[in-house]
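Below is one structure, written out as structure tokens, with a few remarks after it.
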Amino acid sequence: MLTGLARDGGLYVPESWPRFSADEIAALAGLDYAEVAYRVTRPFIGAALDAGTYRAMVEQTYRVFTHGAVAPLVELAPNHWLMELFHGPTLAFKDYAMQLLGNLFNHILGARGRRVTIIGATSGDTGSAAIEACRGREAIDIFILFPHGRVSDVQRRQMTTVDDSNVHAIAIDGTFDDCQALLKDMFNDPNFRDEVAMSGVNSINWARILGQIVYYFVAAAALGCWERKIAFAVPTGNFGNIYAGYAAREMGLPISHLVLATNANDILSNLLATGTMTQGPVHASLSPSMDILVASNFERYLFDLLDRDGAAVAQQMTAFQDGELALSQDALGAARDVFAGFRMDDAGTLEEIGRRYEASGQLLDPHSAIGVAAGAAKRFEASVPMVSLATAHPAKFPDAVEQATGIRPPLPAHMADLMERTERFDVLANDLAAVQGFVRDRLAEKEVA
Ligand SMILES: *Cc1c(COP(=O)(O)O)cnc(C)c1O
């Protein structure tokens with residue numbers, strides 16, 4: 001958790017997956033979200049924290065969510081469910097893992113008398129969720145890179161109107177993939193990394209995935225799926241959320257399949273169709289948190305797909321950097337056993353938002369709408385519950401929702417004045433030295449002060 005990315009540039013994965021029996025999953029039904037979170041994540045914590053401390057931390061984490069069920073299920077159509085993952089402080093699913101990560105960081109840094117500089121890249125929602133989880137914490141400075149002009153006003157303001165002095169929002173002249181590449185370059189610069197005690201909260205950090213596994217178990221337990229099958233549709237960008245679904249399946253959840261839903265940036269759904277993954281230009285869409293072509297967590301899945309052969313993974317990742325990654329027929333077949341691909345462009349997304357509003361009065365944000373359309377399109381058996389993950393609150397993307405329905409969803413009361421708050425951020429070139437210099441200067445200023 002503290003290291004983020006491994007020093008050789010690889011990603012951490014568990015040596016083995018803990019398995020939950022059908023009885024253990026059945027026993028989760030009706031428990032509080034926090035209790036399920038405790039039971040599902042506990043095997044990964046090991047001896048790092050004692051049970052009482054960790055349980056109290058998890059309970060505190062989910063108390064800040066504004067819905068009694070934390071992640072409520074709504075039925076959209078017969079046996080097609082929406083899981084609302086937008087009842088956290090920044091209104092996107094990122095809060096569910098990030099709040100836990102913030103508390104884990106705080107506790108462990110305090111216990112060890114250490115401090116860290118967290119540097120993160122965001123396509124919109126990770127940044128605000130990370131800032132909200134780390135603001136005002138003494139042992140942490142947090143720097144967030146976001147693509148200038150490519151996030152929604154609400155998303156930007158959630159990052160730039162926080163006035164705690166340990167929070168630094170940086171607009172980069174570039175795309176999210178540029179931001180993520182800068183982040184990786186900083187991680188791969190050992191001198192810089194040690195000098196600033198760098199750490200990360202992007203979903204390259206294993207603890208993020210850990211916190212996201214929980215709600216798959218919550219949904220399965222609520223719908224009585226410990227022996228019978230369940231399916232999920234997941235709006236996907238960096239492959240983090242859906243990888244957590246894959247992890248849940250490896251841990252024993254009877255998941256028949258995971259629908260991988262993309263917008264016009266369809267590199268991942270295309271991989272399932274063709275077996276190849278090719279670099280190309282990013283298209284700006286109505287679902288900006290999915291405007292990603294280099295899905296960092298895909299590497300974790302590839303590791304399992306290639307029988308945990310690190311050298312083979314490295315070879316494939318290099319091939320991708322050089323232009324194209326190609327799966328063998330066996331590997332593609334294995335991927336298709338778990339994942340079904342789905343793609344929807346902006347026009348389809350607006351239609352879906354309108355259609356769902358008319359059918360049931362449910363307002364969907366553009367990301368969630370793609371997940372709902374994907375779930376409806378890829379239901380292979382009516383008796384298997386399909387759960388589409390709603391990854392953001394509609395008020396986070398009011399323009400698209402208004403365009404589709406004529407209704408402008410209001411922000412919840414705790415952020416009703418967001419559009420009037422003062423913004424504070426810096427714009428930097430897409431340049432490693434410039435960003436590193438900025439981080440050093442800011443940390444030095446704080447030391448003087
Ligand atoms: C981050 C995000 C996604 C994509 O999740 P990944 O884990 O990157 O695949 C989808 N929708 C919303 C609203 C997001 O914030």
Side-chain angles (χ1 to χ4, degrees), residues 11 82-98 101 120-132 144 146-147 150-152 154-156 158-159 176-177 179-180 183 201-213 215-216 232-248 258-263 265-269 271 282 285-301 339 341-342 344 349 353 364-374 388-398 400-401:
L11 303 180
L82 187 72
M83 188 171 221
E84 294 182 350
L85 297 174
F86 52 65
H87 296 286
T90 70
L91 312 181
F93 86 88
K94 305 286 197 311
D95 289 323
Y96 288 71
M98 203 69 88
L101 186 59
T122 184
S123 58
D125 295 324
T126 304
S128 57
I131 286 171
E132 204 54 49
I144 295 293
F146 64 92
R150 288 174 182 255
V151 300
S152 80
V154 174
Q155 287 179 316
R156 189 190 65 250
Q158 283 183 316
M159 296 187 275
F176 169 71
D177 286 320
C179 296
Q180 188 154 257
L183 179 65
V201 292
N202 276 91
S203 54
I204 50 176
N205 191 317
W206 161 253
R208 281 281 306 285
I209 305 295
L210 179 61
Q212 292 172 4
I213 296 171
Y215 40 76
Y216 290 91
F232 290 90
V234 188
T236 303
N238 231 339
F239 205 77
N241 200 4
I242 199 165
Y243 178 75
Y246 164 78
L258 295 159
V259 187
L260 187 160
T262 68
N263 62 25
N265 297 291
D266 57 358
I267 183 165
L268 289 170
S269 48
L271 172 72
V282 187
S285 78
L286 294 175
S287 42
S289 302
M290 292 152 66
D291 291 349
I292 298 176
L293 292 178
V294 186
S296 55
N297 274 289
F298 184 72
E299 188 175 344
R300 284 196 162 105
Y301 174 62
F339 299 98
F342 178 85
M344 186 168 246
T349 305
I353 297 173
L364 297 172
D365 99 286
H367 307 77
S368 307
I370 294 174
V372 168
S388 289
L389 300 185
T391 51
H393 191 286
K396 244 185 145 162
F397 301 92
V401 176

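Each ligand, and each atom within it, is numbered from 1 in the order the structure gives.
Using a 4.5 Å cut-off on side-chain heavy atoms (C-beta onward), I144 and I131 make contact.
Note on ligand 1: Y243 sits outside its first shell, no heavy atom being nearer than 4.0 Å.
For ligand 1 and K94, the ligand atoms under 4.0 Å from any heavy atom of the residue are 1 (C), 2 (C), 3 (C), 14 (C), 15 (O). Of all atoms in ligand 1, listed by their number and element, those nearer than 4.0 Å to a heavy atom of D125 are 12 (C), 13 (C), 14 (C), 15 (O). The distance from ligand 1 to the heavy atoms of H367 drops below 4.0 Å at these ligand atoms: 11 (N), 12 (C), 13 (C).
Between S287, A97, S203, P235, it is P235 that holds the heavy atom closest to atom 10 (C) of ligand 1.
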Can R300 and I209 be said to form a side-chain contact (heavy atoms from CB on, under 4.5 Å), step by step?
CA-CA 11 Å; R300 284 196 162 105; I209 305 295; 3.9 Å; yes
Worksheet item: What do the steps show when you test D125 against Q155 for side-chain contact (heavy atoms from CB on, under 4.5 Å), and what is the final call?
Response: CA-CA 6 Å; D125 295 324; Q155 287 179 316; 2.8 Å; yes
- Show your reasoning for whether side-chain contact (heavy atoms from CB on, under 4.5 Å) applies to N263 and D291. CA-CA 8 Å; N263 62 25; D291 291 349; 3.0 Å; yes
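Counting only heavy atoms of the protein, atom 11 (N) of ligand 1 lies nearest to T391 OG1, 2.9 Å. Of the protein's non-hydrogen atoms, the one nearest atom 4 (C) of ligand 1 is G237 N, 3.6 Å.
Judged purely by distance below 3.5 Å, without hydrogens or angles, the side chains of S269 and D266 never pair a donor atom with an acceptor atom.
Remark: ligand 1 and G240 share an N or O pair separated by less than 3.5 Å (distance only, no angle test). At least one N/O-N/O distance between N241 and ligand 1 falls below 3.5 Å. The shortest N or O to N or O distance between A392 and ligand 1 is not under 3.5 Å. Where the criterion is an N or O separation shorter than 3.5 Å, residue side chain and backbone included, N238 meets it with respect to ligand 1. Considering backbone and side-chain atoms alike, T236 places every N or O at 3.5 Å or more from each N or O of ligand 1. At a 3.5 angstrom cut-off on N or O pairs, A92 does not count as close to ligand 1.
Classification of the Y216-F232 ring pair by plane angle, with boundaries at 30° and 60°, yields perpendicular.
Checking side-chain atoms of H367 against main-chain N and O of A392 turns up no donor-acceptor pair under 3.5 Å.
Centroid-to-centroid, the aromatic rings of F239 and F298 come within less than 6.0 Å.
At a heavy-atom distance under 4.0 Å, only side-chain atoms of F93, from C-beta outward, approach ligand 1.
Taking every heavy atom of both residues into account, D95 and L91 meet most closely at OD2-N, 3.2 Å.
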